[in-house]
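Each residue takes its place number in the sequence, starting with 1. Just so it is clear, the model here is predicted, and its values are computed rather than measured. FYI, side chains are in, hydrogens and waters are out, and symmetry mates aren't considered; it's all heavy atoms of this structure.
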Amino acid sequence: MLTMLAPFSSHAQELTGDPANGETVFRKCMSCHRVGPDARNMVGPALNGVVGRQAGSVADFNYSDAMKNSGITWDAASLDEFLAAPREVVQGTKMVFPGLPDAQDRTDVIAYLAQFDEEGNMTAPAQ
């Protein structure tokens with residue numbers, strides 16, 4: 001399903017998103033996920049460097065088979081679709097979060113997450 005998405009530049013979504021608002025919206029995700037230099041796996045995997053990463057690939061995290069075998073590479077389009085309805089996009093995921101229904105919130109969260117490299121360092125200042 002994700003491979004059928006129209007070409008979409010992750011940079012375009014990052015540039016239109018508001019990372020500062022994304023940080024606020026991300027608080028909904030913090031019961032399971034972390035980002036930043038001290039981020040670690042919790043109920044969900046650490047999300048440092050998530051943009052551009054293969055789904056189900058964080059070391060030492062016990063993913064569902066569905067996530068490990070999803071074939072997804074996280075970019076703005078695939079993250080947007082997943083964050084809207086996680087259990088529909090990856091049927092069998094362990095993620096119980098129902099999703100973010102507001103498209104702007106998703107865009108902003110993706111812009112926020114895109115700032116963090118694999119080590120959790122911010123690669124771009126918040127807008």
Quick one: SG on C29 to CG on L47, what's the gap to the nearest 0.5 Å?
-> 7.5 Å
Would you indicate whether the side-chain heavy atoms of F97 and C32 approach each other to under 4.5 Å?
-> no
M67 versus F82: any side-chain heavy-atom pair under 4.5 Å?
-> yes
With a 4.5 Å heavy-atom cut-off, do W74 and V51 have their side chains touching?
-> no
Measure the shortest side-chain to side-chain distance between T123 and F116 over non-hydrogen atoms and say whether it is less than 4.5 angstrom.
-> no
So, K28 side chain and G99 main chain: donor-acceptor pair closer than 3.5 Å or not?
-> no
Taking every non-hydrogen atom, the tightest pair across A84 and P86 = C-CD, 4.0 Å
Pair listing, side-chain hydrogen bond (donor to acceptor under 3.5 Å, both in side chains) test, anchored in residues 43-54, at least two apart | Q54-T73
May I ask you to test the H33-M42 pair for a side-chain heavy-atom distance under 4.5 Å?
-> no
Considering all heavy atoms of both residues, which atom of A55 and which atom of S70 are nearest to each other, and what is their separation?
-> CB-OG, 3.5 Å
Report yes or no: does R40 contribute a side-chain atom to a donor-acceptor pair with the main-chain N or O of A46 at less than 3.5 Å?
-> no
Option passing side-chain hydrogen bond (donor to acceptor under 3.5 Å, both in side chains) with Q104 (candidates T107, D108, D102) = D108
At their closest point, which heavy atom of V90 faces which heavy atom of I72, and how far apart are they?
-> CG2-CD1, 3.7 Å
Go through the steps for N21 and T24 under the test side chain to side chain donor-acceptor pair (under 3.5 Å), then give the verdict.
-> CA-CA 5 Å; N21 185 57; T24 299; 4.8 Å; no
Hey, does V35 have a side-chain heavy atom less than 4.5 Å from the side chain of Y112?
-> yes
Going from CD on E23 to CG on L113, what distance comes out if it is rounded to the nearest 0.5 angstrom?
-> 10.5 Å
Interatomic distance, CG@D60 vs CG@N41, rounded to 0.5 Å, equals 7.0 Å
Roughly how far, to the nearest 0.5 Å, is CG of D105 from CG of D18?
-> 10.5 Å
Hey, does V25 have a side-chain heavy atom less than 4.5 Å from the side chain of R106?
-> no
